[in-house]
Participant: 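Before anything else, here's the structure in question.
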Amino acid sequence: MADYLDTLNDAQRVAVENLEGPMLVIAGAGSGKTRVLTYRIVHLMNNGVDPFNILSLTFTNKAAKEMKQRIALQVGRSEAKNLWMGTFHSVFAKILRSEGHRIGYPQNYTIYDAQDAERVIRGIITDMNLDKDIYKPKQVMGRISSFKNSLITVRAYNNQPDLQEADAAAMRPRTGEIYKEYVDRCFRAGAMDFDDLLLRTNQLLNQFPEVLAQYQDRFRYIMVDEYQDTNHSQYSIVKALAARFENLCVVGDDAQSIYGFRGANVKNILEFKKDYPSMKMFKLEQNYRSTNNIVQAANNVIANNREQLEKEVFTANPDGEAIKVVRTVTDSEEGKYVASTIFETAMDQHLEWSDFAILYRTNMQSRALEDALRRRDMPYRIYGGLSFYQRKEIKDVLSYFRLIINHKDEEALRRIINFPARGIGKTTMDRLTIAARENTMSIFNVIEQAQNMSLGINAGTLRKLEAFILMIKAFNVQIDSLDAFQMAESVVKTTGLVKELQKDSTPEGVSRLDNVQELINSMKKFTEDQKELADGDDTLNTFMEDVALLTDADKEDPNDMNKVSLMTVHTSKGLEFSHVFIVGMEEDLFPSGLSINTRSELEEERRLFYVAVTRAEKQAYLSYTQSRYRWGKVTEAEPSRFIEEIGDDYLDYSTPKSRRSRAMGSNGNDSLFGNEVLRSVKPQSGTAPVKQNSKSIRKLKPVSSMSSNTDLFSGNLNKGNIVKHQRFGLGEVMMVEGVGVNQKASIRFENGGLKKILLRFSKLDVVG
DNA sequence: TCATTGGGCTTTTTT
DNA sequence: AGCCCAATGA
């Protein structure tokens with residue numbers, strides 16, 4: 001029956017079998033934490049605990065989804081469905097939908113993402129006539145965020161002279177006023193930012209004991225993953241909910257605490273025992289993921305940190321290879337080295353692309369790596385960075401949905417009231433805004449009342465405003481009768497959004513249209529999925545509830561299966577790969593130059609590096625360059641201190657053979673790029689400047705408007721032609737095969753790689 | 001009111 | 001080098 005217990009080691013099993021009371025699981029990297037979490041839930045259920053009474057909080061939605069699936073394998077889907085599992089944000093966003101009315105929020109409240117929040121703050125700073133160079137919106141936002149995550153309300157702020165003094169000392173004495181105005185504006189817009197989802201949950205549980213009691217009773221067993229990365233606000237929610245039964249299981253690894261910058265508090269895990277003196281501690285110290293070399297190297301690094309819980313991560317795995325350290329001359333060389341090493345290793349050892357990951361400290365580093373991979377036609381996937389849902393065109397569409405659902409959503413309204421252009425300009429918006437502020441009304445509301453308000457807006461504009469409002473209201477009427485997909489189609493057509501996007505035929509414009517199409521497709525899938533469920537709900541409202549909390553990592557794309565993964569070290573937490581490249585191992589970059597001034601910041605960087613190294617199963621590579629493009633300039637770099645901290649025993653410094661410098665004339669053929677890495681030889685200033693291949697693929701001839709004639713193919717496409725494709729942009733014809741309607745061409749596109757295209761169906765312009 | 005251009009600023013990490 | 005915003009002209 002309980003055969004899953006047999007798959008666990010002793011430490012894991014006792015943790016899984018400990019069902020009651022407070023407990024702390026310290027789970028070293030790769031020690032089978034997820035397995036313990038899932039089996040413990042299974043074990044709870046097998047011991048008669050109703051899944052309705054289990055709350056499991058994870059760090060990402062993806063983790064929740066995967067865990068649920070694994071549990072479903074053991075207990076069946078219908079049972080697993082009843083578990084409450086998700087991120088703090090998504091679980092409490094849901095609870096706030098049903099309970100938020102008690103603290104003054106509509107059921108259909110909007111979730112402001114970071115961008116929306118920043119725009120609100122920017123607006124406040126402008127309205128208060130403050131200097132944007134002193135009151136930097138991003139910084140002010142960060143400050144407010146840290147208040148919220150520490151449960152410091154506006155009132156609390158005003159009662160704490162030390163906080164006010166700190167802001168005054170930072171030359172921002174009016175931070176408190178901005179904070180207050182920000183909270184007011186969000187509230188009036190019926191909007192919560194990410195931090196509100198937690199702060200307001202706290203408020204709700206504090207102010208309404210009956211609500212607290214209800215959820216305490218419901219969540220009799222609580223589990224929290226990645227506990228080292230919880231902030232005070234999250235801690236406080238957990239504490240309140242667990243207070244009645246104290247069946248609280250927190251899991252984490254203090255050595256992997258990497259979110260201090262956004263308010264995470266390692267003390268939550270370090271001081272768990274203070275809160276629950278009767279707690280039991282379990283340590284998972286055997287690593288199953290990595291070679292012994294990697295485990296020992298990681299241990300060496302983390303030993304440099306002072307503050308940590310005692311533990312000894314070990315493994316029974318073979319030693320494996322030493323960690324390879326490679327130096328290159330420039331960042332584009334680094335990219336080439338990584339790409340070629342992946343290529344060769346994959347071929348030699350018959351590995352999949354998905355066995356490789358490239359990790360970096362900052363998102364900007366991805367560019368050089370992408371270039372190198374693209375040049376070799378190697379498939380890759382970038383995690384994070386600009387998320388799909390943050391793209392302008394997607395946010396525009398979503399803003400329509402938001403405004404339809406919540407008329408008070410001011411950020412959504414500002415975004416779209418004049419997009420597509422309807423002749424509602426800045427002057428009009430200023431007038432409306434002033435009226436809204438004066439009367440504490442929403443802008444939407446002001447427009448509704450505009451006729452009776454003498455706003456000084458001319459009749460023509462007034463009519464346009466009215467038409468806009470009527471359109472939004474008309475959509476709102478349909479919202480319960482149409483499903484999300486039908487609504488979406490209706491919105492993008494009626495508003496002229498699609499037409500607007502179609503106007504732009506540049507590759508970027510085409511890709512924007514594609515993105516909108518993808519969004520709509522995902523909504524179709526959503527409605528279909530919901531219709532299949534007995535208790536499904538396919539309305540736009542439901543679709544929008546989740547969307548603000550989704551990240552790219554959450555959407556599964558079958559096309560993304562076998563690809564090299566590129567991501568920041570932060571994003572890589574919880575993942576593992578056979579071969580891991582950690583690039584940009586340079587002082588000022590990793591560790592970040594902004595984090596080397598205090599001990600605690602540096603220790604967080606070190607934990608970050610620890611996380612990076614422990615992602616690798618078989619082989620880790622570290623690379624650094626002597627010079628790197630930063631802020632549009634070449635900057636000199638020196639190797640990261642973290643490399644030394646690993647210790648020579650676990651490192652292999654053998655820098656690949658130096659590459660003979662290629663003569664200018666030999667016109668670099670793609671396949672020759674960067675098989676080797678320059679030793680330390682700098683390009684000599686005396687010789688002709690060697691062109692760096694950093695430019696992306698060789699520029700294809702520009703489209704001359706004269707020669708761009710649409711040409712229905714009658715077999716006159718030849719190898720070497722430069723063509724323009726409606727969706728893929730410019731490309732070069734590599735091969736033409738077949739005849740008549742079956743004629744196909746292999747075309748190498750500037751950005752999309754090699755594609756085989758059936759000419760009958762393609763709109764291609766020959767441009768050269 | 002809208003489109004274009006030039007200047008300034010940015011780069012830490014994200015739910 | 002790229003992005004966003006503000007100022008400028010049509």
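By convention in this document, chain letters (A, B, ...) are assigned in the order of the sequence lines, proteins followed by strands, and residues within each chain are numbered from 1. Note: hydrogens, waters and symmetry copies are ignored here, and every other heavy atom, side chains too, is used.
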Participant: Between A:Glu605 and A:Gly423, which has a closest nucleotide on DNA chain B that is more 5'?
Facilitator: A:Gly423
Participant: A:Phe261 on top of B:dT13's base, within under 5.5 Å and under 30°?
Facilitator: yes
Participant: Students often get this wrong, so: under 4.0 angstrom with heavy atoms, is A:Asp195 touching a base, only sugar-phosphate, or nothing?
Facilitator: nothing
Participant: Where the side chain of A:Met364 is defined as all heavy atoms beyond and including C-beta, which of B:dT11, B:dT15, B:dT13 is the nearest nucleotide?
Facilitator: B:dT11
Participant: Can you check the A:Gln390 CD to C:dC3 P distance for me, whole Å?
Facilitator: 15 Å
Participant: So, OP1 or OP2 of B:dT14: does either fall under 4.0 Å of a side-chain N or O from A:Lys573?
Facilitator: no
Participant: What integer distance in Å separates A:Asp116:CG from B:dT14:C1'?
Facilitator: 16 Å
Participant: For the residue pair A:Asp225 and A:Phe59, establish whether any side-chain heavy-atom pair is separated by less than 4.5 Å.
Facilitator: no
Participant: Are A:Leu198 and A:Asn231 packed together at the side-chain level, in the sense that at least one heavy-atom pair is separated by less than 4.5 angstrom?
Facilitator: yes
Participant: Given atom OH of A:Tyr629 and atom P of C:dG2, what is their separation to the nearest angstrom?
Facilitator: 10 Å
Participant: Do A:Tyr105 and A:Phe187 have ring centres separated by under 6.0 Å?
Facilitator: yes
Participant: Look at A:Asn363 and B:dT13 and indicate whether a side-chain polar atom (N or O) is within less than 4.0 Å of OP1 or OP2.
Facilitator: yes
Participant: Within the structure shown, what part of the strands sits under 4.0 Å from A:Lys464 by heavy-atom distance: base, sugar-phosphate, or nothing?
Facilitator: nothing
Participant: Which nucleotide sits closest to the side chain of A:Ala421: B:dC2, C:dC5, B:dT15?
Facilitator: B:dC2
Participant: Over how many whole Å does the gap from A:Arg391 atom CZ to C:dC4 atom P extend?
Facilitator: 13 Å
Participant: May I ask you to check whether A:Ser233 and A:Asn149 show a side-chain donor-acceptor distance below 3.5 Å?
Facilitator: no
Participant: What is the distance from CD1 of A:Ile382 to C1' of B:dT13, rounded to the nearest Å?
Facilitator: 16 Å
Participant: Would you please classify the geometry between the A:Phe92 ring and the A:Phe88 ring as parallel, tilted or perpendicular, with 30° and 60° separating the classes?
Facilitator: tilted
Participant: Look at all strands and tell whether A:Tyr259 reaches a base, only sugar-phosphate, or nothing, counting heavy atoms closer than 4.0 Å.
Facilitator: sugar-phosphate
Participant: Could you check A:Glu604 against A:Asn418 and say which one's nearest nucleotide on DNA chain B is further toward the 5' end?
Facilitator: A:Asn418
Participant: I want to verify a distance call: between B:dT14, B:dT1, B:dT15, whose nearest atom is closest to the A:His89 side chain?
Facilitator: B:dT15
Participant: Does a side-chain N or O from A:Thr571 land closer than 4.0 Å to OP1 or OP2 of B:dT14, or not?
Facilitator: yes
Participant: Heavy atoms only, 4.0 Å cut-off, all strands: where does A:Ser595 land among base, sugar-phosphate and nothing?
Facilitator: base
Participant: Is A:Asn231 close enough to B:dT15 that one of its side-chain N or O atoms is under 4.0 Å from OP1 or OP2 there?
Facilitator: no
Participant: Ignoring the backbone of A:Lys138, work out which of B:dT11, B:dT13, C:dC5 is nearest its side chain.
Facilitator: B:dT11
Participant: Rounded to the nearest angstrom, tell me the gap between atom CD in A:Gln228 and atom P in B:dT15.
Facilitator: 15 Å
Participant: Distance check, P atoms only: C:dC4 and B:dT13, in whole angstrom units.
Facilitator: 15 Å
Participant: Are side-chain N/O atoms of A:Ser146 and A:Arg262 paired as donor and acceptor at under 3.5 Å?
Facilitator: no
Participant: Can you figure out which of B:dT13, B:dT14, C:dC5 approaches the side chain of A:Thr362 most closely?
Facilitator: B:dT13
Participant: Does a side-chain N or O of A:Thr428 approach OP1 or OP2 of B:dT1 to a distance below 4.0 Å, or not?
Facilitator: yes
Participant: Hey, can you tell me if A:His89 and A:Phe194 have their rings parallel, tilted or perpendicular (30° and 60° cut-offs)?
Facilitator: perpendicular
Participant: Do the side-chain N or O atoms of A:Thr60 get closer than 4.0 angstrom to the phosphate oxygens (OP1, OP2) of B:dT15?
Facilitator: no
Participant: Check the distance between B:dT14's P and A:Tyr389's OH and give it to me in whole angstrom.
Facilitator: 17 Å
Participant: Can you check the A:Leu359 CG to B:dT14 P distance for me, whole Å?
Facilitator: 12 Å
